[in-house]
Every structure is written in C-alpha cells, then in structure tokens.
S.K.: 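Handing you this structure, nothing more for now.
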Amino acid sequence: MDNNQPESILKVSDLCVQYGTFKAVKEVSFDVRKGEIFGLLGPNGAGKTSTLSAIEGLIKYQSGTVIVDGHDAKEKPLYARAAMGVQLQSTSFQAELKVSEILQLFAGIYGIKLTNEKLSAILKDISLEDAAGKRFGQLSGGQQQRVSLVISTIHNPRLVLLDEPTTGLDPQSRRQLWERIEAIRERGHAVVLTTHSMEEAESVCDRIGIIDHGKVITIDTPQALIEKHRNDPEVIAVSRKGRVTLEDVFIALTGKTVRA
Ligand SMILES: Nc1ncnc2c1ncn2[C@@H]1O[C@H](COP(=O)(O)OP(=O)(O)OP(=O)(O)O)[C@@H](O)[C@H]1O
Ligand SMILES: [Mg+2]
C-alpha cells in the first residue's frame, strides 16, 4: 500500500441491491479510511439503509464488492463481520430482557467476558448506571439508543456502521453520542453513519456522500461541497437569509420534492 494513502477500512465498489425487480442501490462506490467519520446522506428511500444492510451482510447484493478491513464480505463474511459493529435504524432488543442481560448476551456473542465491574462501568459511561435491572422496553427511546450504540462497539470493531444514530435524541444525548463517535475515530477506527441532520453532517463527518434514487451524487468534505456549489443558481435559489448551508446544497442536489 502507498504509505501516503490512509489505510482503507471499508471499500464499496459498484454495489447493486435489488428487491425483486426494484433497484434500490445502483453501482454505489465509496471508501472509508482509518480514522474517518463518513456520513451517508440522502432523502427518505434514497438507499442508505439498503447500502448499509448489504455491507453488514444482512441482505444480499446482486453485484459489486465490499471489502471490510481487507476482507471481501462475500468471500470471507465471518472475518468481515467480526471487524464491524452495527447499529440498525430501528434496534429492538427483546423488550422484556433486562439491560444487563442484553449487554451480557452480546458480550457473550462476541466472546467478551463482562464482569459486574465492567458492566457497571459501561452503564455509568452512558449515564445509565441505575438501569441495569430495568427492562429494555422500560427505557426511553434515547436511552435505548445509548444501549444499542454501546452494544455495537462492545468488541471494539475497526468499522462501526450507525444508521440514524441520533434520530430522536435530545441535544445533550446527541452531543454525548457525537463525542462517542469521535472517540472511535481517535482510536484510529472508522465510522459510517447516516443522518438527516445537515448540522450533524457538518459538525461530525469528515466526508459525506450524498445519495439519491440509489446512486451516489457526490462525495466530499462538507466544507468543500458548500464551496463547490456556493454560486450554483439552484443553491442560491433555496438559500435563506443570504447564507449558503450544507442543507441548501443538499436540497439543490436532490430536489425539493418530498419522497413518497
Ligand atoms: N425489503 C424491501 N423490499 C422492497 N423494497 C424495499 C425494501 N427495503 C427497502 N426498500 C425500498 O428500497 C428503497 C431504499 O430504501 P432504504 O431503506 O434503503 O432507504 P433509506 O435511504 O434508508 O431511507 P430513510 O431515510 O427513509 O431511512 C426504498 O424505495 C424502499 O421502499
Ligand atoms: Mg434508512
């Protein structure tokens, strides 16, 4: 490998996902490097979850390649999966399980020994120290999100895939989650997240990919995207109060129509 090039942790090339005859993901390509937070943005139905699910091995992809930490996800699915931590768009653990049981269960799946001290430390870390004995279904949506993020990173994976991790969180929890995501980057690992928040994309993501109708429209840093499109007539037409934001660029690139 070229020493000047940061190490690739995820390389997606020409990925195609089809549901029956409907093509949800069309030749999507992007790569995510060591120490990078990559945001996947796109309107409802754009194909973000389908792309992540294919990378995660949860759905089949018709063509293309996915390389996770050097392992081809089709040829070496177990190695690829072991390198990944996954938080789904709607995580529902069994509502009647206690938080401590869920953590123990997943630690066990990943072959990690979770002592009572370690369990308490994890819960304290996500400000849920009193929740160990609570049932998952008794937690608020935001509290459930925190538990599911912790579970997705319990085995310290090189690549963490988060589908709308901050949807529904209050500002405090969202900031805390950003810090967690940034801590994963500091460890030299990589994160792919989806979000509908342009503020989040600008604040947290090193690079973003905008997809629509299953296709990648553009990939760049948030700042570069704003600069590149600052003077586009479509961007100026949708901008407000004379200030061009990432949201203006996003709307100009993906259109104003609300998706069915
Ligand atoms: N299991 C499925 N069977 C058939 N079509 C599906 C299935 N899952 C998703 N789709 C369709 O594929 C397209 C992409 O869906 P996907 O869930 O990937 O979008 P998304 O970008 O994650 O959207 P959102 O922002 O709403 O989460 C949509 O048109 C959706 O209706
Ligand atoms: Mg989705």
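Because only heavy atoms are used, hydrogens play no part in the values below, and waters and symmetry mates are left out as well, while side chains stay in. Position 1 is the first residue of the sequence, and the numbers go up from there. Just follow the structure's listing: the first ligand is 1, and inside any ligand the first atom is 1.
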S.K.: Compare Gly214, Ser50, Gly42 and give the one whose heavy atom is closest to atom 18 (O) of ligand 1.
M.R.: Ser50

S.K.: NZ of Lys118: more than 12 outside heavy atoms within 6.0 angstrom?
M.R.: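 Check fails, neighbour count at 12 or below.
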
S.K.: Might you check, step by step, whether the distance between atom 30 (C) of ligand 1 and some protein heavy atom is under 4.0 Å?
M.R.: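 It does not; no protein heavy atom is within 4.0 Å.
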
S.K.: Does an N or O from Ala46, backbone or side chain, lie closer than 3.5 Å to an N or O of ligand 1?
M.R.: yes

S.K.: Given Leu40, Thr194, Asn44, which has its nearest heavy atom closest to atom 26 (O) of ligand 1?
M.R.: Asn44

S.K.: Give me the residue, atom name and distance of the protein heavy atom closest to atom 25 (O) of ligand 1.
M.R.: Lys48 NZ, 2.7 Å

S.K.: Considering both backbone and side-chain atoms of Thr51, is one of its nitrogen or oxygen atoms within less than 3.5 Å of a nitrogen or oxygen in ligand 1?
M.R.: no

S.K.: Quick check on side chain to side chain contact (heavy atoms under 4.5 Å, CB included): which of Ile126, Leu139, Val150, Asp130 does Val99 satisfy it with?
M.R.: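 Only one option passes, and that is Leu139.
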
S.K.: For atom CZ of Arg259, decide whether the heavy atoms of other residues, nucleotides or ligands shown that lie under 6.0 angstrom number more than 12.
M.R.: yes

S.K.: Might you confirm whether atom CD of Glu247 has over 12 heavy atoms from other residues, nucleotides or ligands at distances under 6.0 Å?
M.R.: no

S.K.: List nothing but the number: protein N/O/S atoms under 2.8 Å from the Mg ion (ligand 2).
M.R.: 2

S.K.: If you measure every N/O of Ala24 against every N/O of ligand 1, is any gap under 3.5 Å?
M.R.: no

S.K.: Using a 4.0 Å cutoff against the non-hydrogen atoms of Glu164, which atoms of ligand 1 qualify?
M.R.: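 Near Glu164, the atoms of ligand 1 are 25 (O), 27 (O).
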
S.K.: Report, in ascending order of atom number, the atoms of ligand 1 lying under 4.0 Å from any heavy atom of Thr49.
M.R.: 17 (O), 18 (O), 20 (P), 22 (O), 27 (O)

S.K.: Hey, does Gly45 come in under 3.5 Å of ligand 1, counting only N/O atoms on both sides?
M.R.: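 Yes - when backbone and side-chain N and O of Gly45 are compared with those of ligand 1, one distance drops under 3.5 Å.
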
S.K.: Could you tell me, atom by atom, which parts of ligand 1 come under 4.0 Å of a heavy atom of Phe22?
M.R.: 11 (C), 12 (O), 13 (C), 29 (O)

S.K.: So, do Val17 and Thr51 sit near enough that their side-chain heavy atoms are less than 4.5 Å apart?
M.R.: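 Of all side-chain heavy-atom pairs linking Thr51 with Val17, none is under 4.5 Å.
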
